[in-house]
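One structure is given below, encoded as structure tokens.
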Amino acid sequence: MKEMTPLEEIRHSSAHILAAAVLRLYPETKLDIGPPTDSGFYYDFDSSIPFTPEILEKIEAEMKKIIKENQRFERIEVSREEAKKIISDMGQQTYKLGRLDDIPDEESISFYRNGEFHDLCAGSHVSYTKKVKAFKLLHVAGSYHRGDSNNKQLQRIYGTAFQTKDELTEHLERIEEAKKRDHRNIGREMGLFHIDDMVGQGLVLWKPKGAIIRQELENFISEELNKQGYSQVFTPHVGKLDLYRTSGHFPYYQDSQYPPIIHRDCLTSLAQEGCTCSELSNKLEEGEIDGYLLKPMNCPMHIRIFRSEQRSYRDLPIRLAEFGTVYRWEQSGELNGMTRVRGFTQDDAHLFIREEQLQEEIQGCLGLVKLVFSVLGMNDYRVRVSLREPDSDKYVGEPEAWDKAETALREAVKTLEVDYEEELGEAAFYGPKIDFVVKDVIGREWQLGTVQVDYNLPERFDLSYVGSDNKDHRPVMIHRAPFGSMERFCGVLIEHFAGNFPTWLAPEQVRILPMNDDLIEHAEKLMGQLKQKGIRTSIDSLSGKLGAKIRKAENDKIPHMLIIGKKEAEQEKVSVRSRANPKLDGSRSLDEFSAAVTSEIKNKDLPFKRQSKAKD
RNA sequence: GCCCAUGUAGCUCAGUCGGUAGAGCGCGUCCUUGGUAAGGACGAGGUCGGCGGUUCAAAUCCGCUCGUGGGCUCCA
């Protein structure tokens, strides 16, 4: 028997009660599986009746009845033959027999029984249904049997359960709170970005305020690149299909690319020949006709820059960096605000190195990723060593090269001094990688920073440098992006700060609040002085009384407010009210204030954390 | 791409049984000139996502389509 925590037992038992309730109401339903999860439980059903929200309510009511009946959970150990009989007697052969086959011979086979309901189950469970005191069904979602999209899609009912009603209420309230920091809401409220139907799904429009944040982040990275021996380059957004045939992107990843761009003369003559769509597709794949591709990755272009000159071992490492925009045709159901989009800008770089430089260079890249995260106070990430899936054919290159790359990454990650886990099947098609993964407000994980080792593309593009022995040698490549993509990173960053950005990133750093219109002129003078020092400043001359101006500035999440009344104007002082740094609060000279803000910006100080008093 | 849900003013949402629309915030004009989280009055904004159907009549019912949300699959 598997031992579960008390909470897991409650959730697991809730799943059984759910299935029992569904069978009472809809006896034709076929059951698949229903485990506990990190935040609740689910059960997968095959039913011709769509489970609407109304039906969910009915099911929930039936579950409450079952709990009230206080059925005992009873474990029954059986032989394989007996198990088959129980499953058949219940009419649940469709999925349960397959699940039975999954149980290895040496393991015992058990059912859990509560009331009239039996389920093939290793356990464990609570003793009686009444032990489930606080649960709620949340929503229905489609899910493929065994997670394979070739299989039938089942209906998954999600729910959650806790040991007490208070904990359940608290959990539901937390979900509501989290929605408020969702980057899609904050991004709209603060005017950071916009995704427009007419422009296209998953294509982000950065509005002026969002553009400031992105620009600051790019400047931050650029400064680090200059310190660390990178050279910045620019490359176009489209390239010939041949480039991507060589790299292997086309046609193998055709499904996740925008369709190729083909010249209209070529299309016209193909049309005259009566060329069908599938013939066109074949001709493209075989290289009979050429076209251009919206670039899905920057590396092929950087590789061609490397190749454009003869390289000596003395030149290496060559580190080419670019904020490069790439386009990928993500499935429509996958798109999500800024975190999963169809056009995004990577803070990309490719390092061309000698093999013996591999350790040092990987560690340099990892250090940069770690620096970026620590400057932004993002300590809540996990590190994943993404390795290839053995026996899979989705990778290019020789196993020996993969082994070398994987070993190098394993060694490098140890120097990071953080916990990490290895995961099979997460590698890129050309090489293994180390990924920095963070969670969004809903608990979904997103890959941000990444460092990847690649022996394959140098091979495919026949790259070489001249060694000290005067012979040609093959360089190794590292792909790395500390933010990953500007879009995704900013989305996560918005949620991380809940819109309360540190001053260096805040689109509006200081807002001056004049007490009355007579003081606007004075306020403009002060604004001029602050702008001279490079501080992004504005004046609120519209919002009515002081209280209203303060409220507006708080809601706009402005780091610093300067309140200017008659008193301040006469004494040549400003009254500071600061979210980012409460130490600045109070009356002081403008110079003193601007010096403090300038140093805050220069040092990229993180905002002081305090709860907002506002009620929404 | 698939399943379910959903789409009404810039935003958040109400709109009963089918009888051509409402609120709050925001925005505009005017009044108010104020001391640390909302001063007041008036006003302008909507082919009810789009197309088609049923009906004397559609925001409301049906079909298709586009977008969005939550999942599943995918993520070089």
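Naming convention: chains lettered A, B, ... in sequence-line order (proteins, then strands); numbering from 1 in each chain.
Taking side-chain N and O atoms only, A:R340 has no distance below 4.0 Å to OP1 or OP2 of B:rG71. In this model, the phosphate group of B:rG70 is approached by a side-chain N or O of A:N336 to a distance below 4.0 Å at OP1 or OP2. Remark: A:R444 is in phosphate contact with B:rG70, judged by side-chain N or O atoms under 4.0 Å from OP1 or OP2.
Contacts classified as salt bridge (charged side-chain N to carboxylate O under 4.0 Å, His left out) and involving residues 190-206 of chain A (residues at least two apart or in different chains) are not found. Applying the ring pair (Phe, Tyr, Trp, His ring centres under 6.0 Å) rule to pairs touching residues 546-572 of chain A yields A:H560-A:F593, sequence neighbours excluded.
Remark: A:W402 engages A:Y395 in a ring pair (Phe, Tyr, Trp, His ring centres under 6.0 Å) (not counting sequence neighbours). Remark: A:Y253 pairs with A:F429 by the ring pair (Phe, Tyr, Trp, His ring centres under 6.0 Å) rule, at least two apart or across chains.
Remark: ring of A:F429 not stacked against base of B:rA76; the cut-offs of centroid gap under 5.5 Å and plane tilt under 30° are not jointly satisfied.
When the C1' atom is used for both B:rG49 and B:rG67, the distance is 7 Å, rounded to whole Å.
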Summary of protein contacts for nucleotides 1-14 of chain B, nucleotide by nucleotide, where a base hit scores B, a sugar-phosphate-only hit scores S (4.0 Å, heavy atoms): BBB-S-----SS--
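The interatomic distance linking A:R480 (CZ) with B:rA76 (P) rounds to 18 Å, in whole Å.
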Dot-bracket for RNA chain B: what is it, with Watson-Crick or G-U pairs under 3.5 Å, [ ] where a pair crosses earlier ones, and | for a pair to another strand? (((((((..((((.....[..)))).(((((.......))))).....(((((..]....))))))))))))....
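Between A:D440 and A:R184, no side-chain nitrogen of the basic residue sits less than 4.0 Å from a carboxylate oxygen of the acidic one, so the salt-bridge criterion is not met. A salt bridge links A:R382 with A:E421: at least one charged nitrogen is closer than 4.0 Å to a carboxylate oxygen.
When each of B:rA76, B:rU36, B:rG39 is scored by its nearest atom to the side-chain atoms of A:Y430, the top-ranked nucleotide is B:rA76. Out of B:rG71, B:rG34, B:rA38, the shortest distance to the side chain of A:D517 is found at B:rG34. With B:rG67, B:rA76, B:rG71 as the choices, the nucleotide that has an atom nearest any side-chain atom of A:M297 turns out to be B:rA76.
Using cut-offs of 30° and 60° for the angle between ring planes, the A:Y327 and A:Y258 rings count as perpendicular.
Heavy atoms of A:H139 sit under 4.0 angstrom from primed sugar atoms or phosphate atoms, though from no base atom.
Between the base of B:rC72 and the side chain of A:R156 there is no donor-acceptor pair shorter than 3.5 Å.
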